[in-house]
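Below: the structure, in structure tokens.
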Amino acid sequence: MWKCIAGTIIVGSVAYTLIKYFAGGVCHCTTRLDGLVIVITGASSGIGKALALELAQRGATLVLACRDVEKGLNAKTYILSQLKNKNIKIFVKHLDLCNISSIVKFSDTLNNEFSEIYGLVNNAGVFYHPQGLTKDGYEITLQTNYLGHFILTHHLLNLLKKSVHARIINLSSEAHRNVNIYDLKAVTKCQNEFRSHFVAYGVSKLALVLFTKELSKKLSNTNVIVNSANPGNVETKIFRNFPPLSNPWLYALQWPIRCLVVKSPKQGAQTVLHCLLTSNRSTGQYYSDCKLVLPSPIAANDKIAKEYYELTLEILSDWFTTESEC
Ligand SMILES: NC(=O)c1ccc[n+]([C@@H]2O[C@H](COP(=O)([O-])OP(=O)(O)OC[C@H]3O[C@@H](n4cnc5c(N)ncnc54)[C@H](OP(=O)(O)O)[C@@H]3O)[C@@H](O)[C@H]2O)c1
Ligand SMILES: *[C@@H]1O[C@H](CO)[C@@H](O)[C@H](O)[C@H]1NC(C)=O
Ligand SMILES: *[C@@H]1O[C@H](CO)[C@@H](O)[C@H](O)[C@H]1NC(C)=O
Ligand SMILES: *[C@@H]1O[C@H](CO)[C@@H](O)[C@H](O)[C@H]1NC(C)=O
């Protein structure tokens, strides 16, 4: 009997400690965002949706940029149902990052309808997506996670510059550490150069950290600060194409462990939230668990960041006629 109770207590405390440990950092900033406009890409699900709720609770006006407007409207209904203040403004707008015309159209709408934007959260992303090219001719993971956000960010820069102290946050991932410079350049130069699902994802995320660095330099004399955030390991739909997790039987086997060590979307949103709220105005940095940490050596290299920025402009040359757009 006593053994049983002692056993339960020990197992319980170990589980509790593990859950607390893997839940990661929590954002304790109490800053209000009343009326400030924040754009979140991929806000229909997962981390984006959880983040949207946190921001709405702090008074922000939200633009949910979704490829599936229906799903976006459902997210809006859910968020409003959780809020005490029903006057929070939430706009759902169509944005398909795999379609550059759609990105341009989305940005034009925002430029017409808003006079300034406080925050842009480049959150939408795919993982382990089957290989393929978008209608614009770029590899799907690279365009969704990186190139699409590159174009979007540049089209919204003027609105961001009008805000007193704007912030751009790119959702990166620890996966950025797993790719080398050769893969990075090869995969970016040639859209048919598909090495593996992991390389495709890692490259897109390393690219985001490099861009954070280069863009922060280009914007150093403006009010806009730019950082990237790693949400950690979060239970979301991002794994829909990843066989070990999309297969229900394999998933069921891992479920007990995942309950302990994988974050909820709300927990996953904490680091991004921290980037948007912190009074620390350092720019061009990488945050993980609500703290500034060092990205991989490649991602921290200024020379590579500059070269990679030029390479991106080169492959997107049809969409960027002059450097003056930066
Ligand atoms: N979950 C993790 O463990 C983890 C770890 C590290 C980094 N991250 C990063 O966190 C971010 C959010 O992911 P999540 O885990 O919340 O995944 P998620 O639940 O799958 O959410 C991804 C969002 O991106 C949207 N999206 C995908 N392709 C798009 C496109 N072409 N145009 C516009 N929107 C598109 C999705 O729209 P639909 O709803 O229409 O599909 C969805 O709203 C991603 O950048 C991901 O790489 C996640
Ligand atoms: C791309 O977006 C444009 C502008 O919204 C739209 O007219 C076009 O039909 C879209 N193309 C595809 C293939 O989705
Ligand atoms: C975010 O990534 C985009 C490319 O996807 C890049 O253009 C932009 O400079 C990055 N912004 C920040 C704040 O890192
Ligand atoms: C931000 O925080 C870092 C690490 O805690 C610190 O070194 C840095 O001086 C701070 N920067 C600003 C601008 O507050």
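Each ligand, and each atom within it, is numbered from 1 in the order the structure gives. FYI, the numbering just counts along the sequence from 1.
If you check which protein heavy atom lies closest to atom 4 (C) of ligand 4, you get L292 CD1, 3.9 Å. The protein heavy atom nearest to atom 18 (P) of ligand 1 is S45 OG, 3.5 Å. Protein heavy atom closest to atom 13 (C) of ligand 2, with residue, atom name and distance, is K135 CD, 3.5 Å. Among protein heavy atoms, atom 44 (C) of ligand 1 sits closest to N123 O, 3.1 Å. Remark: minimum distance from atom 22 (C) of ligand 1 to any protein heavy atom is reached at G125 O, 3.7 Å. Distance from atom 33 (C) of ligand 1 to its nearest protein heavy atom, with residue and atom name: L95 O, 3.2 Å. Atom 43 (O) of ligand 1 has as its closest protein heavy atom S44 OG, 2.8 Å. Among protein heavy atoms, the minimum distance from atom 6 (C) of ligand 4 is reached at N280 ND2, 4.2 Å. The protein heavy atom nearest to atom 15 (O) of ligand 1 is T236 OG1, 2.5 Å. Counting protein heavy atoms only, atom 7 (C) of ligand 1 is closest to S172 O, 3.2 Å. Here the heavy atom of the protein found nearest to atom 5 (O) of ligand 2 is K105 CD, 3.4 Å. Of the protein's heavy atoms, I238 CD1, 3.7 Å lies nearest to atom 13 (O) of ligand 1.
For ligand 1, the atoms lying closer than 4.0 Å to a non-hydrogen atom of G232 are 2 (C), 3 (O), 4 (C), 5 (C), 6 (C). Here is the list of ligand 1 atoms found below 4.0 Å of a heavy atom in N233: 3 (O). Near D96, meaning under 4.0 Å from one of its heavy atoms, ligand 1 places the atoms 30 (C), 31 (N), 32 (N). Residue contact check: I47 has heavy atoms under 4.0 Å from atoms 10 (O), 15 (O), 16 (O), 48 (C) of ligand 1. Of all atoms in ligand 2, numbered sequentially from 1 with element shown, those under 4.0 Å from a heavy atom of N99 are 1 (C), 2 (O), 3 (C), 8 (C), 10 (C), 11 (N), 12 (C), 14 (O). Counting atoms of ligand 1 from 1 in the listed order, those under 4.0 Å from a heavy atom of G42 are 23 (C), 24 (O), 25 (C), 42 (C), 43 (O). Counting atoms of ligand 1 from 1 in the listed order, those under 4.0 Å from a heavy atom of A124 are 24 (O), 25 (C), 26 (N), 34 (N), 35 (C), 45 (O). Within ligand 1, the atoms closer than 4.0 Å to a non-hydrogen atom of C98 are 31 (N), numbered from 1 in the order shown. Using a 4.0 Å cut-off to heavy atoms of G46, the atoms of ligand 1 that qualify are 16 (O), 19 (O).
Residue V126 has no N or O atom closer than 3.5 Å to an N or O atom of ligand 1. Where the criterion is an N or O separation shorter than 3.5 Å, residue side chain and backbone included, D96 fails it with respect to ligand 2. Residue N230 places no N or O, backbone or side chain, under 3.5 Å from any N or O of ligand 1. Residue G48 has no nitrogen or oxygen atom sitting less than 3.5 Å from a nitrogen or oxygen atom of ligand 1, judged on distance alone.
At a 4.0 Å heavy-atom cut-off, ligand 1 does not touch E174 at all. When heavy-atom distances to ligand 1 are checked against a 4.0 Å cut-off, F239 comes that close only through its side chain, counted from C-beta outward. Under 4.0 Å from ligand 1, not a single heavy atom of V262 appears. The side chain of T144, and not its backbone, has at least one atom closer than 4.0 Å to an atom of ligand 1 (non-hydrogen atoms only; side chain from C-beta on). The proximity of P231 to ligand 1, defined as any non-hydrogen pair under 4.0 Å, is limited to the side chain.
Using a 4.5 Å cut-off on side-chain heavy atoms (C-beta onward), F194 and V199 make no contact. Residues L215 and H154 are in side-chain contact: their nearest non-hydrogen atoms beyond the backbone lie under 4.5 Å apart. Contact annotation: the side chain of V187 never approaches that of E139 to less than 4.5 Å [non-hydrogen atoms, C-beta and beyond]. The closest side-chain heavy-atom distance from F106 to V39 is below 4.5 Å. The shortest side-chain heavy-atom distance between C29 and H274 falls under the 4.5 Å cut-off. Between L219 and L157 there is a side-chain heavy-atom pair separated by less than 4.5 Å.
Taking a 4.0 Å cut-off on heavy atoms, T41 fails to register as neighbouring ligand 1. The shortest heavy-atom distance from K263 to ligand 1 is not under 4.0 Å. The shortest separation from a heavy atom of A175 to ligand 1 is not under 4.0 Å, leaving the residue out of contact. The closest approach between any non-hydrogen atom of R240 and ligand 1 is below 4.0 Å.
Environment of NZ in K93: crowded, with over 12 heavy atoms of neighbouring residues, nucleotides or ligands closer than 6.0 Å.
Here the rule is side-chain contact (heavy atoms from CB on, under 4.5 Å) with Y286, and of H176, K291, K213 only H176 fits it.
There is a side-chain donor-acceptor pair under 3.5 Å between N122 and T153. Under the 3.5 Å distance criterion, with hydrogens and angles disregarded, a donor-acceptor pair is assigned to the side chains of S282 and N280. With hydrogens and angles left out, the side-chain atoms of H129 and T144 include no donor and acceptor closer than 3.5 Å. If you check the side chains of T188 and Y308, you find a donor sitting under 3.5 Å from an acceptor. A donor-acceptor pair shorter than 3.5 Å cannot be found between the side chains of D96 and S102.
Protein heavy atoms come within 4.0 Å of atom 2 (O) of ligand 2. Put simply, atom 9 (O) of ligand 2 has no protein non-hydrogen atoms near it, under 4.0 Å away.
Using a 4.0 Å cut-off between a side-chain N of Lys or Arg and a carboxylate O of Asp or Glu, D34 and R58 do not qualify as a salt bridge. Under a 4.0 Å N-O distance rule, the pair E307/K303 qualifies as a salt bridge.
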Check against side chain to side chain contact (heavy atoms under 4.5 Å, CB included), N123 and V272: CA-CA 9 Å; N123 162 79; V272 197; over 6 Å; no
Candidate pair E54 and K49, rule salt bridge (charged side-chain N to carboxylate O under 4.0 Å, His left out), full reasoning: CA-CA 9 Å; E54 296 272 350; K49 184 170 149 190; over 6 Å; no
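For the pair T31 and L277, the tightest heavy-atom approach, listed with the atom from each and the gap, is OG1-O, 3.3 Å.
If you check each of H94, Q143, R67, E235 against atom 41 (O) of ligand 1, the one with the closest non-hydrogen atom is R67. The option from K205, K49, K71 that lies nearest to atom 38 (P) of ligand 1, judged by heavy atoms, is K71.
Under a hydrophobic-cluster definition in which Ile, Leu, Val, Met, Phe, Trp and Tyr are linked whenever side-chain heavy atoms come within less than 4.5 Å, directly or via other members, L51 and I90 are assigned to the same cluster.
Relative to the ring axis of Y309, K218 places its NZ or CZ within 45° and under 6.0 Å from the centre. R258 forms a cation-pi arrangement with F239, by the criterion of a distance under 6.0 Å to the ring centre and an angle within 45° of the ring axis.
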